[in-house]
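These numbers come from the heavy atoms of this one structure, side chains and all, not from hydrogens, waters or symmetry mates. Just so it is clear: chains get the letters A, B, ... in the order the sequence lines come, proteins before strands, and each one is counted from 1. Predicted model, so just to flag it, every value in this text is computed and none were measured.
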Amino acid sequence: MEYNFREVEKYWQAYWAKNKTFRAEDNSTKPKYYVLDMFPYPSGAGLHVGHPLGYIASDIFARYKRLKGFNVLHPMGYDSFGLPAEQYAIQTGQHPEITTKTNIARYREQLDKIGFSFDWDREVRTSNPDYYKWTQWIFIQLFNSWYNPETNKAENISTLIPKLKGFDALTEKEQSDLLLEHRLAYLSDTMVNWCPQLGTVLANEEVKDGVSERGGYPVERKLMKQWSLRITAYADRLLTDLEGLDWTESIKEAQRNWIGKSEGTSLSFRVENSDDHIEVFTTRPDTIFGVSFVTLAPEHELVSKLTSPQQKNAVEEYITFAKNRSERERMADVKKITGVFTGGYVLHPFTGKQIPIWLGDYVLAGYGTGAVMAVPGHDSRDYAFAKHFDLPIIEVVAGGDLSKESYDAKEGKLINSDFLNGMEVKAAVKKAIAAIEEKGLGKGKTNFRLRDAIFGRQRYWGEPIPVYYENGIPKVLDEKELPLVLPEVDKYLPTETGEPPLARASSSWRKDGKFEYEYSTMPGWAGSSWYFLRYIDAHNEKEFVSKQAVNYWQNVDLYIGGAEHATGHLLYIRFWTKFLNDLGLIPVTEPAKKLINQGMIQGVSSFVYRVGTSNKYVSYGLKKDYETTPIHVDVNIVNNNVLDIEAFKTWREENKNAAFILEDGKYICGSEVEKMSKSKWNVVSPDLIVEQQGADCLRLYEMFLGPLEQSKPWSTSGISGVSNFIRKLWRLYHNGDAFAVTNDAPTQAELKVLHKTIKKIAYDIENFSFNTSVSNFMICVNELTDLKCNKREILEPLAIIIAPYAPHIVEELWHKLGHTASITYATFPECNETYLVETAFSYPVSFNGKTRFFQEYDLSLSKEAIEKEVLSLEQTQKYLEGKTPKKIIVVHNKIVNIVV
RNA sequence: GCGGAUGUGGCGUAAUUGGCAGCCGCGCCAGACUUAGGAUCUGGUGCCGAGAGGCGUGGGGGUUCGAGUCCCUUCAUCCGCACCA
């Protein structure tokens, strides 16, 4: 009887669900272990084969930890607020909640079929009011908090008020405005990334190359009143705490770059004939005598004031030009130098010399002070600007050739620099800062590249921000009023006056029937910034998580997900975790101790080539003779690059009358490796594989593909090897149709195979080397098959070590072996080293590093004895060709090398 | 430009961490069984060479008795950040 995976897998999946086999215990004496996957956004395309890669890995680890006696928390949920459901709603009018529910149901069905050991009783959905109630609650805590630089912690805003002089004398509005400057969630006029097509503001990390990450629409800069979160307050802690995390260096480095700490000094230049000062930030105060001009960002507030009448027109023209240049254009031609002279001057703080003030869009309004002291001799951007506008270049650090390029290196002796002359750069930096501070011109300062996170989105499908406006003053709701439920609207579009969709809610959607609520909703990352805490106590109606539960479960021990969240989600979740810790609500300062980024499974897209604008398609090999447009074609109607022409004709209405230019009677498609996505028609769903080969096969195959962290294009070409292995495993426990495991005592050889494998598998799992364990299972089963092993003492432990990888088949075998409880809570076998002890070793004997023959020696034999034995061999003499060996190296249990 | 990865048979990959390069699979070749089948089993399969043998881990150099592994250098590909003062 062949193994019937369909029946077996279905049976055990139902059994596990019914018996809640994977439930995590809240009051357990076992040590805890928390394994978390990045939860998915339930898209309409369903789960593709890339999703399970990380889920299978985490599931193997979770199952392994259970076998090792841990109380394992391994939950799953859905990040169910987001743009695609809303875009779909705009097109079809269908409520995003319905789309989301349908998609979730499909995801769940797909997940269930793969046999994951999730504790589904703890499922969370970020779009459920009982979940987002607490997202809103955390927002309120952020609103009610400020960051105290003295304690280096967030504190309740009430501890700030006594520090604000004259606060009581202010009007309510003035008080509100003042406090907003300190709150961790605040409303302000900010330059935002505005995406007209999406009708919303986007965060920096949602913008890639000047277009929106979702949809790829152009993004422009715009000044708007917006809610933001003061993540910059945590910049330093987010940076330093990276040290202690067991995350990959690339993610840590990406976060370091994103936070972008730079240490330098502020320095103010007095404007000539004025009391105004221009403050700059520099990391090279040592080059102060090399300043030959000052450049301001076009948006700088002093621009109009210091522009001379002669330059007025030119400056205004330039500002208009800079403003109309989109982010994308600006980024596209970074090399292009633009700028204008203002006609104004500042005075050098040490020499008193006149220094011209220029505008240039290479200076960013949002970083530092929006002004730089230009040192063209030692900064390549200033150099390029100076060359372009023919401004003086002064050498102040020796070592470069300024006629060719700027000398940016931070080493060399200072020249032309008054009191800094002759000093090395490092010493000069210190001395310059001291001199600047002494003269009261500025002081040492740290700048971060990290910007506050813009938190409002002018969209419908997100958490309503729990704020209302009373006389124009923003106020947060009382905890009792939560959740502020998303109201119904007639359309999911902005109003005619440009207000967000929530403004379409009926007029009764008012706080106490009179005050307007905030119409922006939260961004997609709000709900995912704390979800790991909700799984710990998913049904708590009184708190977001109880102290008791979070004290037991702490934070995530192993977090698995994609590297694309390096500077988005992974930064925000760290920020919120630190904030909640500051308030004393949770005992941890980081969400996850260990993070693994699984590689992306890419899709292999297929293309057909349309000739011109006709309805004719030319085969891949002949396309060079025609003018063609490549068009993505559904990979499911292409087999080995050969197009199923009939399927193509029915695939889309407009293909009905398509004509083809064939080669060898076939239509050959082109192919390319790309990201797996619905729009590229290259999505492969795991369903088909589960149906045809089984869940265990999918699990083993995805692991067998290669190292977890590596990206790879999806291909099923090797899957038969894995499915053969599963059948071979089944046959090991059977003789023909009969289950045939005996209680006979195993041989030494059999024990050795088993224990060797136990050792390797345990090592592999602990090192997340899942691909090598699959090949070790194959080796083990091949060897046991050769030994015709059918001993319980071997086959029982074997079932347990395979259990994390292929849980269905071994659960069946486990019960056939006579067990009544699930294999989930068996005990992972220990390797008994005594079975692995070898008594002899076949030494490779090499001459000058080249292996020539093998000779077996007892392992008890000493090096000297082996050396003597080897030299006496006839073969040795043959290879020595009569010469005397210069040296003989004998490495115990490894090698013999004879140097001639 | 800065930073992080990765380069090994026809393909996916492995190598006890400095000790026999190519494990486990896919593919391919040959054979067996056979009512021809995308089934199963057995054997072979890095490259060159008839063979002895030689050559082989992106290229070049170095350390070492010994290098895929360590050091220097160079090339290629992928990813992240980027006019950040």
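At a threshold of 4.0 angstrom between heavy atoms, the contacts of A/Glu709 with the nucleic acid are absent. Counting any heavy atom pair closer than 4.0 Å across all strands shown, A/Leu705 reaches sugar-phosphate atoms only and no base atom. Note on A/Ser720: only backbone sugar-phosphate atoms sit closer than 4.0 angstrom, heavy atoms only; bases stay farther off. Contacts of A/Phe854 with the nucleic acid, taken as non-hydrogen atoms under 4.0 Å apart, include base atoms. Residue-level contact check: A/Asp382 touches neither bases nor backbone, having no heavy atom under 4.0 Å from any strand. Contact annotation for A/Val899: backbone-only contact, meaning every heavy-atom pair under 4.0 Å involves sugar-phosphate atoms and none involves a base. Within 4.0 Å of A/Asn447, counting heavy atoms only, lies no atom of the nucleic acid at all. Among the protein residues, A/Asn848 comes within range of no part of the nucleic acid, since none of its heavy atoms lies under 4.0 Å from any strand. Within 4.0 Å (heavy atoms only), A/Phe704 reaches at least one base atom of the nucleic acid.
Residue A/Leu698 holds its CG atom at 9.0 Å from CE of A/Met703, rounded to the nearest 0.5 Å. How far OG of A/Ser773 is from CZ of A/Phe704: 11.0 Å, rounded to the nearest 0.5 Å. Distance check, rounded to the nearest 0.5 Å: CD1 of A/Ile278 to CD1 of A/Ile355 gives 10.0 Å.
Glycosidic conformation of B/U16 is anti; the angle lies outside 90° of 0. In textbook terms, a nucleotide whose glycosidic angle is within 90° of 0 is syn, and B/G9 is one such case.
Among B/G4, B/A15, B/C24, the nucleotide with an atom closest to any side-chain atom of A/Glu249 is B/G4. Considering only the side chain of A/Ile895, B/G19 comes nearest among B/G19, B/A85, B/G25. Checking B/C24, B/C65, B/G54 against every side-chain atom of A/Ile889, the shortest atom distance belongs to B/C65. Here the nucleotide nearest the side chain of A/Asn257, chosen from B/G4, B/C26, B/C81, is B/C81. When the nucleotides B/C24, B/C55, B/A15 are ranked by their closest atom to the side chain of A/Ile779, B/C24 comes out on top. Looking at the side chain of A/Glu253, the nearest of the listed nucleotides B/G3, B/C24, B/C65 is B/G3. Nearest to the side chain of A/Asn782, among B/G25, B/G80, B/C65, sits B/G25.
The separation of B/U57 from B/C70, taken at their P atoms, amounts to 15 Å, rounded to a whole angstrom. Taking the C1' atom of each, B/A36 and B/G46 are spaced 34 Å apart, rounded to whole Å. Between the P atoms of B/C24 and B/G44, the separation comes to 11 Å (whole Å). With P as the reference atom, B/C47 and B/G38 are 28 Å apart, rounded to whole Å. As rounded to the nearest Å, B/G4 and B/C71 have P atoms that lie 14 Å from one another. For the C1' atom pair drawn from B/C20 and B/U69, the interatomic distance equals 15 Å after rounding to whole Å. Here the separation of B/U8 from B/C2, taken at their C1' atoms, is 30 Å to the nearest Å. Comparing the same atom, C1', in B/A15 and in B/A21 gives a spacing of 7 Å after rounding to whole Å.
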- Query: Yes or no on side-chain hydrogen bond (donor to acceptor under 3.5 Å, both in side chains) for A/Asp379 and A/Ser406, after CA distance, side-chain angles and deciding distance?
  - Reply: CA-CA 6 Å; A/Asp379 180 287; A/Ser406 64; over 6 Å; no
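Remark: P of B/C65 and NE2 of A/His892 are 22 Å apart, rounded to the nearest angstrom. Taking atom CD of residue A/Glu766 and atom C1' of nucleotide B/U16, one finds them 17 Å apart after rounding to whole Å. The CG atom of A/Asp286 sits 13 Å away from the C1' atom of B/A85 (whole-angstrom rounding). Rounded to whole Å, atom C1' of B/A85 lies 8 Å from atom CZ of A/Phe281. Atom P of nucleotide B/G25 and atom CZ of A/Phe770 are separated by 21 Å, given to the nearest angstrom. Atom CG of A/Leu836 is separated from atom P of B/U16 by 17 Å (rounded to the nearest Å). Here the P atom of nucleotide B/G25 and the CD1 atom of A/Ile726 are 14 Å apart, to the nearest Å. In this structure, NZ of A/Lys728 is placed 11 Å from C1' of B/G25, rounded to the nearest angstrom.
Across every strand in view, B/C33 sits unpaired, with no contact that passes the Watson-Crick or G-U test at under 3.5 angstrom. Across all strands shown, B/G56 remains unpaired; no Watson-Crick or G-U wobble contact has both distances below 3.5 Å. When both distances must be under 3.5 Å, the Watson-Crick or G-U wobble mate of B/G51 does not exist. Under the Watson-Crick or G-U wobble criterion, with both distances below 3.5 Å, B/G22 has no partner in any strand shown. Pairing of B/G3, defined by two Watson-Crick or G-U wobble distances under 3.5 Å, is identified with B/C79. A 3.5 Å limit on both hydrogen-bonding distances identifies no Watson-Crick or G-U partner for B/A67. Both distances falling under 3.5 Å, in either a Watson-Crick or a G-U wobble arrangement, place B/U45 opposite B/G27.
Aromatic pair A/Tyr843/A/Phe854: centroids not less than 6.0 angstrom apart. Aromatic rings of A/Tyr3 and A/His734 (six-membered ring for Trp) have centroids beyond the 6.0 Å cut-off, not under it.
Applying the 4.0 Å criterion to OP1 and OP2 of B/A82, one finds that A/Arg449 has a side-chain N or O inside that range. Remark: A/Tyr367 is in phosphate contact with B/A85, judged by side-chain N or O atoms under 4.0 Å from OP1 or OP2. In this structure, A/Asn724 reaches the B/U40 phosphate: one of its side-chain N or O atoms is under 4.0 Å from OP1 or OP2. For the pair A/Asn771 and B/A14, the criterion of a side-chain N or O lying under 4.0 Å from OP1 or OP2 is met. OP1 or OP2 of B/A85 has at least one side-chain nitrogen or oxygen of A/Ser262 nearer than 4.0 Å.
In this structure, the side chain of A/His755 does not engage the main chain of A/Tyr835 through any donor-acceptor pair within 3.5 Å.
RNA chain B is contacted by both A/Thr851 and A/Arg727; A/Thr851 maps to the nucleotide lying nearer its 5′ end (nearest heavy atom per residue). Residue-to-nucleotide proximity on RNA chain B shows that, of A/Lys894 and A/Pro707, the 5′-proximal contact is made by A/Pro707.
When each of A/Ile433, A/Leu267, A/Leu441 is checked for a side-chain contact (heavy atoms from CB on, under 4.5 Å) with A/Pro285, only A/Ile433 meets the rule.
The environment of A/Glu674 atom CD is dense: over 12 non-hydrogen atoms of other residues, nucleotides or ligands sit within 6.0 angstrom. Around NZ of A/Lys759, the count of heavy atoms belonging to other residues, nucleotides or ligands within 6.0 Å does not exceed 12.
A/Asn897 contributes a side-chain N or O that forms a donor-acceptor pair with the base of B/C65 under 3.5 Å.
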